[in-house]
Amino acid sequence: MKRLLFLTGNAGKLAEASHFFEPLGYQVEPFLIDGEVPIVIEPQSDSLKEVAIAKIEQAKALLNLSGQDGSIFVEDAGLFIDDLNGFPGVNSASVLKQIGLSGILNLMSEITHRGAEFRACAVLFTGNELVFGEGVCRGTITGKTLGESGFGYDPIFSPEGEDSGRTFGQMDRMAKEAFSHRAKALESVKKQLDLLGR
Ligand code: IMP
């Protein structure tokens with residue numbers, strides 16, 4: 001088994017990545033320096049990919065310094081609302097903390113075009129090369145919060161192709177997985193690892 005060090009403080013994401021990468025021969029572990037998830041600097045950028053690459057580069061340097069080895073994995077996601085010029089985008093986590101779902105709904109109270117998308121970008125550094133995976137899930141922002149499942153923006157996002165108009169907040173984990181940007185990003189990484197014969 002190869003070691004795959006995932007730079008995240010999120011136990012749910014770690015479990016999901018374990019489940020996904022183990023059949024590919026990777027043992028997924030949290031990326032830790034002196035027993036802690038290191039703080040890395042996020043660059044000012046609108047692009048999830050640029051943010052993810054910056055994190056990988058910092059993690060590579062930290063790993064070298066610590067004398068450990070292994071592959072490194074980073075994954076970033078966000079909600080991009082069409083008529084808010086992609087807001088909250090790469091700042092989805094901090095915006096949610098600051099204004100909440102009600103803040104987003106207020107900002108959209110006069111907006112009739114409700115299109116939006118979740119995007120995820122996953123980057124794996126194998127030790128030699130960088131492998132990227134991107135995933136998008138199109139959908140619409142509802143007029144009010146619906147459901148309590150999931151996390152983040154789930155209660156105000158209804159994915160395209162969900163005929164009954166349910167939000168992610170009204171779905172269980174398995175149902176959400178069928179649409180999820182994150183699942184698509186991981187699938188794309190897997191495809192490229194297959195192509196590289198890794
Ligand atoms: P992260 O980079 O995956 O941690 O995502 C950043 C932020 O985007 C999260 O804190 C959430 O607010 C939001 N987000 C990302 N993916 C999802 C999702 O699948 N559902 C709801 N919110 C999400």
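Read the numbers this way: they start at 1 and go in the same order the structure lists the ligands and their atoms. Numbering starts at 1 and runs along the sequence shown.
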Open item on the list: Ring centres under 6.0 Å, that's the criterion: do Phe21 and Phe73 meet it?
Closed with: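 Phe21 vs Phe73: aromatic centres under 6.0 Å.
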
- [ ] Would you please classify the geometry between the Phe168 ring and the Phe157 ring as parallel, tilted or perpendicular, with 30° and 60° separating the classes?
- [x] tilted

TODO: Using the six-membered ring of Phe125, assess whether NZ or CZ of Lys60 lies under 6.0 Å from its centre and within 45 degrees of the ring axis.
DONE: yes

Open item on the list: Residue by residue, ordered by chain and number, which ones reach under 4.0 Å of ligand 1 with a heavy atom?
Closed with: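 Correct list: Lys13, Glu75, Asp76, Ala77, Gly78, Ser92, Ala93, Leu96, Phe118, Phe151, Gly152, Tyr153, Asp154, Lys176, His181, Arg182.
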
Open item on the list: Can you confirm whether Lys176 sits close enough to Arg173 that some side-chain heavy atom of one is under 4.5 Å from a side-chain heavy atom of the other?
Closed with: no

Task: Modelled atom types, side-chain donor and acceptor of Ser18 and Glu16, under 3.5 Å - done: no

Open item on the list: Restricting to salt bridge (Lys or Arg N to Asp or Glu O under 4.0 Å), what partner residues turn up for Asp46, sequence neighbours left out?
Closed with: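 With sequence neighbours excluded, Asp46 shows a salt bridge (Lys or Arg N to Asp or Glu O under 4.0 Å) to no residue whatsoever.
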
